[in-house]
Amino acid sequence: MSNMELSEQELIRRASLQKLRDLGINPYPANEFKNNVTANQILTTFNSEIPNLQEVVFAGRLMSQRIMGKASFGELQDETGRIQIYVTRDEICPGEDKTLYNEVFKKLFDIGDIIGVKGYVFITQMGETTIHVKELVLLSKSIRPLPVVKEKEGKTFDAFTDPEQRYRQRYLDLIVNPHVKEVFLKRTKMINQMREMFNERGYIEVETPILQPIPGGAAARPFMTHHNALNIQLYLRVANELYLKRLIVGGFEGVYEFSKDFRNEGMDRTHNPEFTVMEIYVAYKDYNWMMDFTEEMIERVALALNGKTSIPVGDKEIDFKRPFKRITMFEAIREYTGFDISEMDENALRDVCQKIGVEFDNTMGKGKLIDEIFGEKCEGHYIQPTFITDYPVEMSPLCKKHRSNPELTERFELIVNGKELCNAYSELNDPIDQLDRFQEQLRLSEKGDNEAMFIDMDFVRALEYGMPPTSGMGIGIDRLTMLMTNSVSIQDVLLFPQMKPEKRAEEDPAEKYLELGIPAEWVEVLMKMGYKKVSQLKDVKPGKLFNDLCGFNKKNQLGLLNPVANDVSNWLN
RNA sequence: GACUCUGUAGCUCAGCUGGUAGAGCAAUUGACUCUUAAUCAAUGGGUCGAGGGUUCGAUUCCCUCCGGGGUCACCA
């Protein structure tokens, strides 16, 4: 990058970097820095009466500096928080040479630098726990200014809030917005809790293919890719369900996977093209058992994260205390529309849609119509955790038929805050029924439903060898995190949410300018002046360009030797 | 994809009906040995997202494009 593209503050920091090197200070030292304490440890364990922590070694990022002549305060931030430091000239520079304080600490250190200190902990007159610094060392120089966020009495000033920058440059967001880190710590804690619970029960964590020849297990548009050596089309998985069930066939009796899935669909507050799902399959269980299991898991997570089962979400309070409400889909529809659809055929369902104002078209079968009614009229009403059970068979091609009604399946979804959180089945293990259902999906697909499933014949073959009765459950980890952290957007619970790539203005490579006989140093100047492409030079008058170049050189004090007017007109020919 | 709001200094934002831009913090220089949004004084910093149009003149009005937010559609 040429210096002309840098801001004033960046130039100053690069100059500081050079001055540090000139003073014999390596701005990026290689050696280990043996810190022995964190900010949080100091803040929570220091006792001024003993006193303890009299030989601390601490490393962190300099977040503020308050210089008062021969003494200074600053704040260092590590992973656990911020701690104030107190630096005096004569203590870090005991001899005659005061350079380390006057030059290095006061002038060459900037907000954002990573530094290490040695000293002892004390409490200032203002009551702030502080490290009294006796030694100071630069660990990494920051040459790009950080947004400076200030805070007093809980009020934040100049908060760094631009969503675009926060998501694109998450590292910045994490540095200056401490609450952001909390969300991701909770996310990890949540996953750890779940993993712990599954492991306690002896279930096995497994990994299954992300690149799949048949994107099965869910009806969604997949991302496609190509394998060169095999010369085949591959898909990024939309689900891992069929692979986990193959493992149940293979004799594992409890398997789970935290799975990144990919769906080539729209993006919004609750959808990211890649997202995380936890799926678990347990042999010899049914969906009733799985409801109990799911309740236990979610209650446990809520307690671990927040110490209580009840959590604020938006302007509501959601309580994850067991047991959750259970209601069948038909009852739910009756509750919110007044219609009993349990005996209705496709045409009767269309009438109902008409009457209650639910849009539909002719590609929709019975299952899709019912789902549409539920989605439009019921789902949003269930704020507290509610299991919706017994979905129509058409909507659930991988789910076992209901033990008491072949029109229905043994399926439940957990709805929280009006949105689906979990999906679970008594898994279909009848291979002949499974193939029929796949073929029915194919017919739907031919009818125009582009979300119907692909047929995975190897999966059917696996079932033919025999799969024990099994219950499986999938839960959206991103959405669970949103609930548990009261986040409104999926982007707030993903460290690096998908964004459109940043685009830089188009510009010609330097060679194109050099070909015209323009010296390299003037190419940079032309670019900076706005001539990003050689074609832009076409209609420029040589005299004007000559004047502009000289003027730019002078104004910006580039110190270049001005070109000769004749040369400039030669460039333009 | 549609509608709508939005893009001005490193950050947060002003900028009326068109006359090439302001503030606070940050930065630079100086003063200050217990400050904490430190304080005080001075100084510098901007192709006002990109391109085109109207105009004597555009950050401002119009069009196109590129980012981003929100709402809706899509997401069994």
Side-chain angles (χ1 to χ4, degrees), chain A residues 6-13 15-16 63-75 82 84-91 101 106-107 110-112 122-128 130 132 144-153 155-168 172 176 218-221 238 263-273 275 359 364-365 367-372 374-375 391-392 394-399 411 413 419-420 423 441 444 449-453 488-489 491 499-506 527-532 536 552:
Chain A
L6 298 174
S7 71
E8 183 198 28
Q9 292 194 43
E10 286 172 298
L11 289 170
I12 289 167
R13 288 198 178 206
S16 299
M63 296 304 287
S64 69
Q65 249 183 322
R66 293 181 288 279
I67 294 170
M68 298 163 306
K70 299 185 191 66
S72 299
F73 290 90
E75 281 174 299
R82 287 190 189 182
Q84 181 168 261
I85 58 169
Y86 176 63
V87 182
T88 62
R89 186 192 69 183
D90 295 334
E91 210 142 1
Y101 183 77
K106 275 170 67 174
K107 293 188 182 164
D110 292 296
I111 289 176
F122 76 111
I123 293 181
T124 65
Q125 288 173 13
M126 303 299 289
E128 180 96 10
T130 301
H132 189 125
R144 193 182 272 268
L146 226 47
V148 179
V149 179
K150 298 215 171 186
E151 207 185 277
K152 190 189 188 181
E153 285 152 14
K155 269 170 80 181
T156 306
F157 299 81
D158 301 327
F160 178 66
T161 51
D162 178 7
E164 178 175 4
Q165 284 194 74
R166 285 190 48 225
Y167 300 143
R168 273 194 207 287
L172 251 193
V176 304
R221 284 169 60 194
V238 296
R263 296 189 182 177
N264 204 343
E265 285 159 357
M267 289 165 60
D268 62 27
R269 266 215 321 284
T270 55
H271 294 85
N272 195 65
F275 59 102
E359 283 185 36
M364 291 179 176
K368 193 127 187 176
L369 288 165
I370 294 172
D371 186 55
E372 205 66 24
F374 179 78
Y391 284 59
E394 295 89 340
M395 292 161 56
S396 315
L398 301 167
C399 184
R411 169 179 182 179
E413 287 194 358
K419 293 193 187 67
E420 175 194 341
N423 184 22
Q441 288 291 305
L444 286 174
D449 182 350
N450 57 12
E451 284 149 7
M453 289 187 189
V488 291
S489 164
Q491 297 178 111
M499 304 282 280
K500 280 199 194 179
E502 288 179 273
K503 250 190 198 164
R504 303 192 71 187
E506 252 186 79
M527 295 267 207
K528 178 72 176 174
M529 285 167 67
Y531 298 104
K532 301 273 189 201
Q536 287 171 267
F552 195 89

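In this text, all values refer to a predicted model and were calculated from it rather than measured experimentally. To find a chain, count down the sequence lines: A is the first, B the second, and so on, and within it residues start at 1.
B/rC25 is paired with B/rG10 under the criterion used here, namely a Watson-Crick or G-U wobble arrangement in which both key atom distances are under 3.5 Å. When both pairing distances are held under 3.5 Å, B/rU39 makes a Watson-Crick or G-U pair with B/rA31. Base pairing analysis places B/rG1 opposite B/rC72; the two distances defining the Watson-Crick or G-U wobble pair are each below 3.5 Å. Searching all strands for a Watson-Crick or G-U wobble partner of B/rA58 with both distances below 3.5 Å returns nothing. In a base pair of the Watson-Crick type (N1 to N3 plus N6-O4 or O6-N4) or a G-U wobble (N1-O2 and O6-N3), with each distance short of 3.5 Å, B/rG51 is matched with B/rC63.
Side-chain atoms of A/Asp158 and base atoms of B/rC13 include no donor and acceptor less than 3.5 Å apart. In terms of polar N and O atoms assigned as donor or acceptor, the side chain of A/Gln9 comes within less than 3.5 Å of the base of B/rG10 in a complementary pairing. Judged by distance alone, with hydrogens and angles left aside, A/Thr88 brings no side-chain donor or acceptor close enough to the base of B/rU33 to form a pair under 3.5 Å.
Rounded to whole Å, atom P of B/rU12 lies 17 Å from atom CD of A/Glu151. Rounded to a whole Å, the CG atom of A/Asp162 is 9 Å from the P atom of B/rG69. Taking atom CD1 of A/Ile12 as the reference point, atom C1' of B/rU43 lies 11 Å away to the nearest angstrom.
Between A/Ile111 and A/Lys107, the residue anchored closer to the 5' end of RNA chain B is A/Ile111, taking for each the nucleotide with the nearest heavy atom.
In this structure, A/Lys150 does not reach the B/rC25 phosphate: none of its side-chain N or O atoms is under 4.0 Å from OP1 or OP2.
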Item to check | Worked check of side chain to side chain contact (heavy atoms under 4.5 Å, CB included) between A/Arg411 and A/Asn423 | outcome: CA-CA 8 Å; A/Arg411 169 179 182 179; A/Asn423 184 22; 3.0 Å; yes

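Ring-plane geometry between A/Phe73 and A/Tyr86 is classed as tilted, the angle between the planes lying from 30 to 60 degrees on a 0 to 90 degree scale.
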